[in-house]
Amino acid sequence: RRTRWRVSIESIMAKVITVGILGGTGTVGQKFIQLLDGHPFFRVTCIGASERSIGKHYSEVTPWKLPTSIPDAIVKIVITACQPQEFQGKCSVIFSALDASVAGPIEEDFAKAGFAVFSNAKNHRMDSDVPILIPAVNHDHIHSITHQRKQRGYDAGYIVTNANCSSTGLVVALKPILDKFGIEQCIVFTMQAISGAGYPGVSALDIVDNVVPFISGEEEKMAIEPQKILGTWKDNQFRFLDSKFAAHCNRVMVLDGHTECVSIKLRKPADISQIEQALREFVPLGYADLPSAPSKAVVVMSEKDRPQPRMDRNIGQGYSVVVGRIRPCEIFDVKMTILSHNTVLGAAGGSILNAELAYKEGYM
């Protein structure tokens, strides 16, 4: 449970917003429940899951895998089907932790029924009217909701996605560099934690004493998602960033925290001290107003052997991106190491930040 919020509870308790979670018994759903426990204005009232769990108490059917206990308010919630009629009148906001194999049409059904849907799944990320939202990077993309409602005939509902977990840490670190110096090309080598594969995830026989140099679909996502995220929303369309991205994605035997080694070719010349300064001084617009936002979106470490997942993934309670080893690149201009918490900022926490921004901007 979070012990400290960026705003006082008293200042916003006038409006409590009830929320539901789809896929709430899985690992991402569990992370939603953990991070939302004690939230200043979101309250979990409904949880949807697969047919085998319907009608049972949450604690009966959930193989809880987090180091904290199931919150008391959640233990006895009765699981319902992932259908809008089961959530009507009980909540107005949906956090979707559904698997991509089923998420697409279910999320659309909820948006049509008037729910604000915040999705972790890939299904709608590349839709022409749906933002891949990361408030520290592209907060203004939230306003695509108005166009989306008009295009799809939604009344009050809409869909907002977060990015792939490995894309998220990358673009937060790149944003201050892009703003100051421009980016022409970027290549990234990832070392991704096993929690990113969900539960039961990667077999022990595959990952112990090993590195798996393939994660299905991951490299393709990292090539295209940053272009949309770092681009602009203008004249009712997303204009993709004119930069090239390439990725080599690997699964490693780390529980939480994605580490990425990045090389960047800039559009404007800059020395290492200027790059470091841009990262250290990065203050995203409006970010400090969000309860879950960390005091620093980007934390720069000067130690020569940092960041490291075990030691640094919980900086900013998992919402900060940690950058280190900033140095000249022999092929491009600059190279660095990036660390982000894949199940906090890169998954459930990212969606919570998106919902907090939607609330702040009047979309609830």
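Not measured: the values here are computed from a predicted model.
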Taking all non-hydrogen atoms of both residues into account, name the closest pair between V321 and G169 and its distance. CG1-O, 3.6 Å

Which atom of C91 lies closest to which atom of C46, heavy atoms considered: SG-SG, 4.2 Å

Applying side-chain contact (heavy atoms from CB on, under 4.5 Å) to D256 and T343, what does each step give before you reach the verdict? CA-CA 7 Å; D256 290 314; T343 67; 4.0 Å; yes

Just jot down the ring pair (Phe, Tyr, Trp, His ring centres under 6.0 Å) partners of Y199, sequence neighbours excluded, or say none. none

Let me confirm one number: the CG-CD distance from N164 to E218, rounded to the nearest 0.5 Å. 4.0 Å

Sequence neighbours left out, what pairs pass salt bridge (charged side-chain N to carboxylate O under 4.0 Å, His left out) with at least one residue falling in residues 87-110? none

Go through F181 and R267 one step at a time and tell me if the side-chain contact (heavy atoms from CB on, under 4.5 Å) criterion holds. CA-CA 6 Å; F181 312 109; R267 293 193 181 276; over 6 Å; no

Going from CD1 on I33 to CG on D37, what distance comes out if it is rounded to the nearest 0.5 angstrom? 9.5 Å

Could you pull out all residues at least two apart from H147 that satisfy ring pair (Phe, Tyr, Trp, His ring centres under 6.0 Å)? W233

Closest non-hydrogen atom pair, A293 against L353: N-CD2, 3.6 Å

Taken in chain and number order and not counting sequence neighbours, the residues that satisfy salt bridge (charged side-chain N to carboxylate O under 4.0 Å, His left out) with D312 are R306

Straight-line distance of D140 CG to E361 CD, nearest 0.5 Å: 9.5 Å

Nearest 0.5 angstrom please: H124 NE2 to Q148 CD, how far? 9.0 Å

OG on S351 to CZ on F32, rounded to 0.5 Å: 4.0 Å

Report the residues that fulfil side-chain hydrogen bond (donor to acceptor under 3.5 Å, both in side chains) with E260, sequence neighbours left out, ordered by chain and then residue number. none

Measuring from C249:SG to E219:CD, what's the distance to the nearest 0.5 Å? 4.5 Å

Looking only at heavy atoms, which two atoms of R313 and L339 are closest? And how far apart? N-CD2, 3.7 Å

Residues in side-chain hydrogen bond (donor to acceptor under 3.5 Å, both in side chains) contact with Q227, at least two apart in sequence or another chain: none

Not counting sequence neighbours, which residues clear salt bridge (charged side-chain N to carboxylate O under 4.0 Å, His left out) with K122? List them please. none

Qualifying residues under side-chain hydrogen bond (donor to acceptor under 3.5 Å, both in side chains), relative to Q277, sequence neighbours excluded: E281

Pairwise side-chain contact, S96 with N120, heavy-atom cut-off 4.5 Å (strictly under): no

Least distance between heavy atoms, L36 atom then I21 atom: CD1-CD1, 4.3 Å

All side chain to side chain contact (heavy atoms under 4.5 Å, CB included) counterparts of N250, not counting sequence neighbours: V211, P213

Any salt bridge (charged side-chain N to carboxylate O under 4.0 Å, His left out) pairs touching residues 150-172, not counting sequence neighbours? D127-R152, D129-R152

Take Y319 and H341 through the test side-chain hydrogen bond (donor to acceptor under 3.5 Å, both in side chains) and record every step on the way to the result. CA-CA 7 Å; Y319 285 91; H341 199 304; over 6 Å; no

Are H141 and F238 an aromatic pair by the rule of ring centers under 6.0 Å? yes

Got a sec, which residues hit salt bridge (charged side-chain N to carboxylate O under 4.0 Å, His left out) with E184, two or more places apart in sequence or on another chain? K265

Got a sec, which residues hit salt bridge (charged side-chain N to carboxylate O under 4.0 Å, His left out) with D235, two or more places apart in sequence or on another chain? R239

Just by distance, no angles: are the side chains of S167 and E225 close enough, under 3.5 Å, to form a donor-acceptor pair? yes

